[in-house]
Participant: 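Here it is, the structure, as structure tokens.
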Number of protein chains: 2
Amino acid sequence: MSEPNAITAEPWSVLAPDCPSRVIFGRIGERWTMFVILALSRAGTLRFTELRARVGEVTPKVLTETLRALEGDGLVERRAFADSPPRVEYSLTPLGESLLEPIGALRDWAERHVPEVLASRERALG
Amino acid sequence: MSEPNAITAEPWSVLAPDCPSRVIFGRIGERWTMFVILALSRAGTLRFTELRARVGEVTPKVLTETLRALEGDGLVERRAFADSPPRVEYSLTPLGESLLEPIGALRDWAERHVPEVLASRERALG
DNA sequence: AACGGAAGTTCCCTCGGGGGAACCGCACCT
DNA sequence: AGGTGCGGTTCCCCCGAGGGAACTTCCGTT
């Protein structure tokens with residue numbers, strides 16, 4: 001897993017719970033993670049309710065969980081102000097922003113090739 | 001980055017069930033998908049039981065489901081021979097192989113930055 | 001005639017991610 | 001003294017991915 005090149009490590013290493021790929025794919029595979037990251041990447045900084053509005057039908061509980069997880073991973077920063085009404089601002093950390101590049105690569109692939117994937121799915125079902 | 005490169009589409013578009021990012025992240029986020037792709041990328045071609053052995057503790061049922069899903073997406077090819085004992089070979093399609101590049105980018109990011117993520121997690125719990 | 005291996009299939013169960021709905025503390029406003 | 005907006009929390013439930021374990025079919029081997 002510590003080999004220099006991309007897909008060269010032994011696949012079974014990925015079974016370890018702290019395998020880098022498991023950690024990252026596990027996180028970004030969660031239901032709302034991508035929405036939050038993409039929303040923050042566009043807006044820069046958002047408050048809780050702004051995030052709710054942008055992300056869609058997420059419930060406050062789940063949004064809180066998602067944000068706490070990303071904060072725990074050091075990908076999102078949470079700044080609370082002692083104002084009234086309370087104000088909390090979320091933004092990507094530098095680490096979080098550095099993740100945008102590889103995510104973008106996957107996104108680009110998706111944009112280009114998902115039509116093929118969807119066509120293949122339909123063929124498989126038809 | 002809201003810069004004109006990677007992450008430019010509206011985030012809420014991602015809510016649509018056929019949004020490219022949802023399709024792809026949904027698939028590679030599944031439990032065994034990455035193991036199968038990585039194993040095939042290393043070996044080129046593998047039979048069912050070889051795959052079982054490499055991927056680890058996966059049960060035959062779940063491995064079958066995973067392979068059928070990837071086959072349905074056009075990412076994996078399944079070739080069955082009328083031999084006896086039966087022989088079935090799995091390999092990546094060209095489409096599946098083209099996915100290795102963006103996955104590799106994410107993998108590289110993971111290799112480089114997961115120590116930070118894990119350190120952050122430990123801080124968050126301690 | 002029994003055995004074994006390949007490639008699954010079938011049935012049943014468990015576990016937890018995710019969702020719904022309601023509640024909470026605070027400080028203003030009026 | 002009641003209402004409002006913010007940023008959550010609490011409790012409860014449901015569904016489906018994933019797992020366990022046994023069974024199956026087809027043939028060749030011993």
Side-chain angles (χ1 to χ4, degrees), chain A residues 12 14-15 17 22-37 39-40 43 45-73 76-91 121 124, chain B residues 12 14-15 17 22-37 39-40 43 45-73 76-91 121 124:
Chain A
W12 46 86
V14 141
L15 291 167
R22 274 198 85 58
V23 171
I24 297 310
F25 286 118
R27 179 64 72 216
I28 72 179
E30 280 166 23
R31 183 79 179 82
W32 298 104
T33 301
M34 286 300 299
F35 304 142
V36 169
I37 290 178
L40 289 178
T45 293
L46 288 173
R47 304 177 58 173
F48 190 83
T49 35
E50 292 171 332
L51 224 23
R52 277 190 74 177
R54 295 205 175 218
V55 160
E57 290 311 304
V58 64
T59 61
K61 188 194 92 176
V62 176
L63 182 55
T64 300
E65 286 170 356
T66 304
L67 287 167
R68 294 278 189 274
L70 288 172
E71 193 194 355
D73 286 359
V76 161
E77 191 194 350
R78 177 184 190 276
R79 266 166 303 154
F81 301 86
D83 303 16
S84 175
R87 190 157 58 94
V88 181
E89 290 184 351
Y90 294 94
S91 55
R121 282 189 189 178
Chain B
W12 44 87
V14 141
L15 291 166
R22 275 199 84 56
V23 171
I24 298 311
F25 286 117
R27 180 63 73 218
I28 71 179
E30 279 166 22
R31 183 79 178 81
W32 298 103
T33 301
M34 285 301 299
F35 304 141
V36 169
I37 290 179
L40 289 178
T45 294
L46 288 172
R47 304 177 59 173
F48 189 82
T49 36
E50 291 172 335
L51 225 22
R52 277 188 76 178
R54 296 205 175 216
V55 159
E57 288 313 303
V58 64
T59 62
K61 188 194 91 176
V62 175
L63 182 56
T64 299
E65 287 170 356
T66 303
L67 286 167
R68 293 280 188 273
L70 289 171
E71 193 193 356
D73 285 358
V76 161
E77 191 194 348
R78 176 184 191 276
R79 266 167 305 155
F81 301 87
D83 302 19
S84 175
R87 190 159 56 96
V88 181
E89 290 184 350
Y90 294 94
S91 55
R121 281 189 190 178

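Below, chain A is the first sequence line, B the second, and so on; all start at residue 1.
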Participant: Between dA22(C), dG7(D), dG18(C), which nucleotide gets closest to the side-chain atoms of Phe48(A)?
Facilitator: dG7(D)

Participant: Between Leu63(B) and Arg52(B), is any pair of side-chain heavy atoms under 4.5 Å apart?
Facilitator: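 Side-chain contact under 4.5 Å: yes.
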
Participant: Less than 4.5 Å apart, side chain to side chain, heavy atoms only: is that true for Leu51(B) and Val58(B)?
Facilitator: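 No, too far: nothing below the 4.5 Å cut-off.
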
Participant: Determine the contact category for Phe81(A): base if any of its heavy atoms lies under 4.0 Å from a base atom, sugar-phosphate if only primed atoms, P, OP1 or OP2 are that close, otherwise nothing.
Facilitator: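 If one applies the 4.0 Å heavy-atom cut-off, Phe81(A) turns out to touch nothing in the nucleic acid.
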
Participant: Rounded to the nearest Å, what distance is computed from the CG atom of residue Leu63(B) to the P atom of nucleotide dG18(D)?
Facilitator: 12 Å

Participant: Quick one: does Glu89(B)'s side chain get under 4.5 Å of Phe81(B)'s, heavy atoms only?
Facilitator: yes

Participant: How far does CD of Glu71(B) sit from CD of Glu77(B), to the nearest 0.5 angstrom?
Facilitator: 8.5 Å

Participant: Whole angstrom is fine here: how far is it from CD in Glu71(B) over to P in dA7(C)?
Facilitator: 14 Å

Participant: Side chain of Thr59(A) only, heavy atoms from C-beta on: which candidate in dT9(C), dG19(D), dG19(C) is closest?
Facilitator: dG19(C)

Participant: Between Asp83(A) and Val62(A), who's closer to the 5' end of DNA chain C by nearest nucleotide?
Facilitator: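 The residue closer to the strand's 5' end, by nearest nucleotide, is Val62(A).
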
Participant: Nearest to the side chain of Thr64(B), which nucleotide is it out of dG7(D), dG19(D), dG8(C)?
Facilitator: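 Looking only at heavy atoms from C-beta outward on Thr64(B), the closest nucleotide is dG8(C).
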
Participant: Strictly below 4.0 Å: does Tyr90(B) bring a side-chain N or O up to OP1 or OP2 of dA6(C)?
Facilitator: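 For Tyr90(B), the contact criterion (side-chain N or O under 4.0 Å from OP1 or OP2 of dA6(C)) is not met.
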
Participant: Can a side chain N or O of Trp32(A) be found less than 4.0 Å away from OP1 or OP2 on dG17(C)?
Facilitator: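 Trp32(A) to dG17(C) OP1/OP2: no side-chain N or O under 4.0 Å.
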
Participant: Checking contacts here: which listed nucleotide (dG18(D), dG5(D), dG20(C)) is nearest the side-chain heavy atoms of Pro86(A)?
Facilitator: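 So the nucleotide nearest the side chain must be dG5(D).
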
Participant: Rounded to the nearest angstrom, tell me the gap between atom CZ in Arg79(B) and atom C1' in dA7(C).
Facilitator: 16 Å

Participant: Return yes if some donor-acceptor pair links the side-chain N/O of Thr66(B) with the main-chain N/O of Thr33(B) below 3.5 Å, else return no.
Facilitator: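 Absent.
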
Participant: Determine whether Arg78(A) and Arg68(A) make a side-chain contact, defined as any pair of heavy atoms from C-beta on separated by less than 4.5 Å.
Facilitator: yes

Participant: Thr49(A) has a side chain; which of dG8(D), dC6(D), dA6(C) sits nearest to it?
Facilitator: dC6(D)

Participant: On the nucleotide dA7(C), are OP1 or OP2 found under 4.0 Å from the side-chain N or O atoms that Arg47(B) carries?
Facilitator: yes

Participant: Does any N or O donor sit under 3.5 Å from an N or O acceptor when you compare the side chain of Lys61(B) with the base of dG8(C)?
Facilitator: no

Participant: I need the CD-C1' distance between Glu65(A) and dG7(D), as an integer number of Å.
Facilitator: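 Between C1' of dG7(D) and CD of Glu65(A): 15 Å.
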
Participant: If you compare every side-chain N and O of Arg78(A) against the phosphate oxygens of dG8(D) (OP1, OP2), does one of them come in below 4.0 Å?
Facilitator: yes

Participant: Measure from the side-chain heavy atoms of Ser84(A) and tell me the nearest of dG20(C), dA27(C), dG8(D).
Facilitator: dA27(C)

Participant: State whether Arg52(B) places a side-chain N or O below 4.0 Å from either non-bridging phosphate oxygen (OP1 or OP2) of dA7(C).
Facilitator: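 Answer no for this pair, as no side-chain N or O of Arg52(B) is under 4.0 Å from OP1 or OP2.
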
Participant: What is the separation between atom CZ on Arg87(B) and atom C1' on dT25(D), rounded to the nearest whole Å?
Facilitator: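 Nearest whole value for this atom pair: 19 Å.
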
Participant: Specify the separation, in whole Å, of atom CG of Leu67(B) and atom P of dG8(C).
Facilitator: 8 Å

Participant: Please report, rounded to the nearest Å, how far the P atom of dG16(C) is from the CD atom of Glu30(A).
Facilitator: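 About 14 Å, once rounded to whole Å.
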
Participant: Over how many whole Å does the gap from Ile28(B) atom CD1 to dA17(D) atom C1' extend?
Facilitator: 17 Å

Participant: Between dG8(C) and Arg68(B), is there an OP1 or OP2 to side-chain N/O distance shorter than 4.0 Å?
Facilitator: yes

